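Single-structure report; data block below.
The sequence lines fix the lettering, A, B, ..., with proteins before strands; numbering per chain opens at 1. Quantities reported herein were computed from a predicted structural model and do not represent experimental measurements.
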Amino acid sequence: MAVRDIICVACPRGCPIKVTLDDAGNITNIEGFTCKRGEEYARAEVTHPERSLTSTVKVIGGSAYVVPVKSSTAIPKELLFDAMKEVNKASINAPVHIGDVVIKNLLGTGADIVATNEID
Amino acid sequence: MSKVLNFDLVVVGGGPAGMAAALSAKDNGIPEENIIILERAERLGGILEQCIHTGFGLTYFGEELSGPEYAQRFIDLVEKTKITVKTDTMVLTLTKDNQVICSNRDDGIYTINAKAIILAMGCRERPRGALDIAGSRPAGVMSAGAAQKYVNIDGYMPGHKVVILGSGDIGLIMARRMTLEGAKVECVCEVMPYSGGLQRNIVQCLEDFNIPLYLSCTVIQVHGKDRVTGVTIANVDDKMLPIPGTERYIECDTLMLSVGLIPENELSQQIGLEMDPVTRGPKVNEMRETSHKGVFACGNVLQVHDLVDFVTQESQIAGKGAAQFIKGEPEPEYVYCKGINGVRYTVPQRINKNNAEEVKIYFRVANVYKDKRVVVTCNGKELWNRKKIKLAPGEMENVFIKPEDLKEMNAGDEIIVSIEEA
């Protein structure tokens with residue numbers, strides 16, 4: 001049996017969550033979360049940790065050099081640096097609107113890289 | 001003779017605080033064509049424009065937004081109204097008879113006569129000069145917020161090997177951002193025995209990337225002539241003095257400072273507003289009215305918030321307060337709020353006892369506490385008593401005062417917020 005102490009990053013509240021695992025690595029108990037997102041986060045954190053990614057992408061012909069972007073959903077944590085390589089290769093033509101897809105299905109994760117600001 | 005304009009309400013600052021305050025004043029009955037927002041940057045949005053990480057809006061919108069997305073929600077709302085917005089406009093002076101003197105390239109210097117003014121100028125970062133670090137003055141020493149602008153707005157990397165002094169949230173966010181962009185963040189040094197940032201940022205910005213956080217540790221010297229070549233760090237004792245023998249040299253080309261935020265209150269001081277020495281913002285009542293009639297303050301110019309969601313909520317209160325003032329309200333009768341036993345300050349500092357709605361009192365604690373109670377009393381009567389598993393200086397807390405409790409109080413009474421044993 002093993003106990004993992006986790007700080008939830010789903011929201012700024014940062015709840016301390018305790019996850020108990022049996023010897024086979026199956027979750028037997030989760031406590032300390034205060035919302036559904038927290039429980040989901042804790043479950044993912046001990047099985048396949050995920051993070052959302054935010055960065056910037058080069059803008060061509062716009063009023064700004066770069067546009068901020070985010071992954072539309074969280075992606076596996078171990079893919080963050082590979083994802084950054086894709087993001088740094090990408091560019092988008094102005095005008096850019098919030099929600100514009102810059103990279104579709106990033107590294108096969110199902111998450112898109114989308115713009116999060118308006119650039120003329 | 002310079003131009004003179006007349007508005008019911010002048011909002012100084014077009015960030016999240018200013019926009020929410022202006023919209024709230026409109027919703028509370030001030031005609032939109034009688035409201036003006038003055039913003040010194042080229043566009044509305046304030047500091048959110050460079051805060052490209054997510055985590056904004058969970059409380060207010062129930063979704064996780066990036067800073068620019070959160071700002072855009074309010075920009076869209078403002079643009080749908082006839083509220084006047086002047087960007088690229090600097091407020092130079094406030095006068096005691098509620099005149100605002102400002103300037104921009106198109107209009108020159110002009111004066112606005114206001115019935116009410118809302119101060120929403122935000123805050124700025126504490127600079128290196130305030131820290132007394134020895135050493136030369138090479139390039140490569142910058143605040144974390146400046147670095148954030150270089151990377152996220154200007155699109156270039158300000159350094160490749162980074163030491164961060166201070167564990168404020170912007171420093172933590174930048175540790176992750178620089179790492180993702182290929183820089184090596186050597187460490188974060190925090191002079192206090194605990195972090196000043198949110199727990200979640202320690203986890204997702206430092207632990208995720210194996211960036212060490214050294215507590216009770218500071219930078220004592222900056223090395224380098226033209227560019228930073230390294231820093232010397234040392235552990236500090238409980239008086240925050242460096243402990244001899246603990247010095248270590250760390251090679252780096254960049255030192256980022258994330259050592260606190262200071263409300264930007266030069267304008268507030270011009271008209272002699274009564275200031276709170278702890279928050280460094282004006283003292284206000286529950287509607288966020290300052291000591292000067294008709295002048296309100298909200299957002300980070302009043303108290304540095306952890307979350308923009310709370311800035312929005314506070315600014316809506318200020319907007320409503322300004323609207324009530326413009327329409328004419330009876331004289332308030334004040335009770336006063338006071339923090340003791342580890343409660344460093346409260347906002348508001350005073351409350352009109354005739355207020356008909358529940359009042360939220362924000363506060364911060366002076367230390368990390370575990371398993372304590374937050375207790376509020378007035379004249380020996382307990383008004384609030386809640387158990388808290390953890391309290392930390394980096395996380396703002398709040399309590400609520402009910403209108404029926406306020407009604408029972410006498411003008412001049414003290415509402416006392418304290419930390420007690422569980």
For residues 170-188 of chain B, which side-chain donor-acceptor pairs fall under 3.5 Å, sequence neighbours excluded?
residue: R177(B); atom: NE; partner: N152(B); partner atom: OD1; Å: 2.7
residue: R177(B); atom: NH1; partner: S55(A); partner atom: OG; Å: 3.1
residue: R177(B); atom: NH1; partner: E181(B); partner atom: OE2; Å: 3.0
residue: R177(B); atom: NH2; partner: T56(A); partner atom: OG1; Å: 3.0
residue: R177(B); atom: NH2; partner: E181(B); partner atom: OE2; Å: 3.1
residue: T179(B); atom: OG1; partner: A175(B); partner atom: O; Å: 2.6
residue: E181(B); atom: OE1; partner: N88(A); partner atom: ND2; Å: 3.3
residue: E181(B); atom: OE2; partner: S55(A); partner atom: OG; Å: 3.2
residue: E186(B); atom: OE2; partner: K161(B); partner atom: NZ; Å: 2.9

Flag yes if more than 12 heavy atoms outside K388(B) fall under 6.0 Å of its NZ atom; otherwise flag no. no
Is a salt bridge present between R37(A) and E64(B), judged by a nitrogen-to-oxygen distance below 4.0 Å? yes
Other residues, nucleotides, ligands: >12 heavy atoms within 6.0 Å of D5(A) CG: yes
With a 4.5 angstrom heavy-atom cut-off, is it the side chain or the backbone of A10(A) that approaches chain B, or both, or neither? backbone
Identified side-chain contact (heavy atoms from CB on, under 4.5 Å) partner of T116(A) from the options E69(B), Q72(B), H53(B): E69(B)
Does atom CD1 of I389(B) have more than 12 heavy-atom neighbours, drawn from other residues, nucleotides or ligands, at distances under 6.0 Å? no
Residues in residues 63-82 of chain A near chain B [non-hydrogen atoms, under 4.5 Å]: Y65(A), V66(A), P68(A), K70(A), K77(A), L80(A), F81(A)
CZ (R40(B)) with more than 12 external heavy atoms under 6.0 Å: no
Tell me the closest heavy-atom pair linking N117(A) and E49(B), and the distance in Å. ND2-OE1, 3.0 Å
Heavy-atom contact with chain B under 4.5 Å, split by part of L53(A): side chain
Using non-hydrogen atoms and a 4.5 Å limit, figure out which bit of I153(B) sits close to chain A: side chain, backbone, both or neither. backbone
What distance do Q199(B) atom CD and I7(A) atom CD1 have between them, rounded to the nearest 0.5 Å? 4.5 Å
Mark yes when over 12 heavy atoms from residues, nucleotides or ligands other than Y150(B) sit less than 6.0 Å from its OH; otherwise mark no. no
Below 4.5 Å from any heavy atom of chain A, which atoms of F56(B) appear? Answer side chain, backbone, both or neither. neither
Select one option (side chain, backbone, both, neither) describing which atoms of C8(A) are under 4.5 Å from chain B's heavy atoms. backbone
Any idea which heavy atoms bring V9(A) and R200(B) closest together, and the distance? O-NH2, 2.7 Å
